[in-house]
*Asks:* 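Starting off with a structure, shown below.
FYI, side chains are in, hydrogens and waters are out, and symmetry mates aren't considered; it's all heavy atoms of this structure.
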Amino acid sequence: KVQSFILLTFMIVSSFAEVASLGILIPYLGFLENSDNIPNDLVDFINKFFGSNSNYFFLLTVFFIGIIVFAGIIRLINLAFNYRLSASIGSEISCKFYDVIVNQDYEEYISNNSSKLINSATEGVNNATSFILFALQFLTSFLIVISILITLILINWRIAIFTVLVFGSSYFLLSII
């Protein structure tokens with residue numbers, strides 16, 4: 001339960017980090033296009049902490065790269081937790097299956113083909129672990145998509161609806177083909 005809570009927390013943090021990395025892209029590209037177009041609040045903030053002689057381009061580039069690296073690290077940690085939790089659950093399933101096999105009656109045990117039993121157990125545990133991993137990865141991706149979509153709706157709902165329609169139609173057409 002604790003691992004699940006930690007994983008859910010990392011999923012949520014990962015979705016916010018992805019939104020932040022995408023959200024910083026447009027202002028950064030705008031700054032690269034026209035370096036005089038820095039909001040006054042940002043200039044005041046930079047001057048307060050780094051001095052009035054600061055190189056805005058360097059500081060904003062470092063900040064931009066820092067956010068992208070942070071989002072990447074969070075995604076990697078999230079992926080590692082996904083693998084660890086699915087392996088842990090697969091291990092628990094395997095132990096329970098082993099417990100069932102060991103606690104069988106002797107007559108029932110010798111009547112079963114042990115190689116088939118071991119093969120089916122191994123296959124079942126591997127399939128269950130893979131399914132759990134894919135479900136966790138899907139949930140992570142779903143949370144990221146939802147957070148990006150909510151952010152787009154808050155910024156401009158028309159663009160959000162257009163984006164959903166274009167990508168939804170594209171995926172639907174690709175699934176038919």
*Asks:* Return the set of residues passing side chain to side chain contact (heavy atoms under 4.5 Å, CB included) with Leu29 (not counting sequence neighbours), or none when no residue passes.
*Replies:*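 Residues passing side chain to side chain contact (heavy atoms under 4.5 Å, CB included) with Leu29: Leu25, Leu32.
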*Asks:* By side chain to side chain contact (heavy atoms under 4.5 Å, CB included), which residues pair with Ser130, not counting sequence neighbours?
*Replies:*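 Side chain to side chain contact (heavy atoms under 4.5 Å, CB included) list for Ser130, sorted by chain: Phe134.
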*Asks:* Any pair with a residue in residues 5-21 that passes side chain to side chain donor-acceptor pair (under 3.5 Å), sequence neighbours left out, goes on the list, sorted by first then second residue, please.
*Replies:*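 Residue pairs with at least one partner in residues 5-21: there are none.
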*Asks:* How would you list all residue pairs meeting side chain to side chain donor-acceptor pair (under 3.5 Å) that involve residues 151-176, not counting sequence neighbours?
*Replies:*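 As it turns out, there is no side chain to side chain donor-acceptor pair (under 3.5 Å) pair with a partner in residues 151-176 once direct neighbours are skipped.
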*Asks:* How would you list, by chain and number, every residue that makes a ring-ring contact (aromatic ring centres under 6.0 Å, His included) with Phe97, sequence neighbours excluded?
*Replies:*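 Checked Phe97 against ring-ring contact (aromatic ring centres under 6.0 Å, His included); zero matches.
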*Asks:* First locate atom CD1 of Ile146, then atom OG of Ser141, and finally report the distance between them rounded to the nearest 0.5 Å.
*Replies:*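 These two atoms lie 11.5 Å from each other.
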*Asks:* Sequence neighbours excluded, which residues qualify as side chain to side chain contact (heavy atoms under 4.5 Å, CB included) partners of Ser4?
*Replies:*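 Listed in chain order: Leu85.
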*Asks:* Assigning hydrophobic clusters by single linkage (Ile, Leu, Val, Met, Phe, Trp, Tyr; side-chain heavy-atom cutoff under 4.5 Å), is Ile12 placed with Leu7?
*Replies:*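 Shared cluster, yes.
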*Asks:* Which ILVMFWY residues are connected to Tyr83, directly or by a chain of links, through side-chain heavy atoms under 4.5 Å apart?
*Replies:*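 Members other than Tyr83 - counting any ILVMFWY side chain reachable under 4.5 Å - are Leu79, Leu133.
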*Asks:* Return the set of residues passing side chain to side chain contact (heavy atoms under 4.5 Å, CB included) with Asp105 (not counting sequence neighbours), or none when no residue passes.
*Replies:*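 With neighbours one apart ignored, the set is Glu107, Glu108.
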*Asks:* Running the 4.5 Å side-chain criterion over Ile, Leu, Val, Met, Phe, Trp and Tyr, what cluster does Phe172 land in, apart from itself?
*Replies:*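 Other cluster members: Ile176.
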*Asks:* Given the rule in the side-chain contact (heavy atoms from CB on, under 4.5 Å) test, do Leu136 and Met11 qualify, once you have shown the distances and angles that lead to the verdict?
*Replies:* CA-CA 9 Å; Leu136 291 174; Met11 286 178 181; 4.1 Å; yes
*Asks:* Below 3.5 Å, can you tabulate the donor-acceptor pairs from side chains in residues 59-73 to any protein atom, sequence neighbours excluded?
*Replies:*
residue : atom : partner : partner atom : Å
Thr61   : OG1  : Tyr28   : OH           : 2.8
Thr61   : OG1  : Phe57   : O            : 2.7

*Asks:* Provide the full list of ring pair (Phe, Tyr, Trp, His ring centres under 6.0 Å) pairs with a residue in residues 3-25, sequence neighbours left out, each pair given once.
*Replies:*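 Non-adjacent pairs meeting ring pair (Phe, Tyr, Trp, His ring centres under 6.0 Å): Phe10-Phe81.
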*Asks:* For Leu174, which fellow cluster members are found when Ile, Leu, Val, Met, Phe, Trp and Tyr are connected by side-chain heavy-atom distances below 4.5 angstrom, either directly or through intermediates?
*Replies:*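 So far as hydrophobic clustering goes, Leu174 is joined with none.
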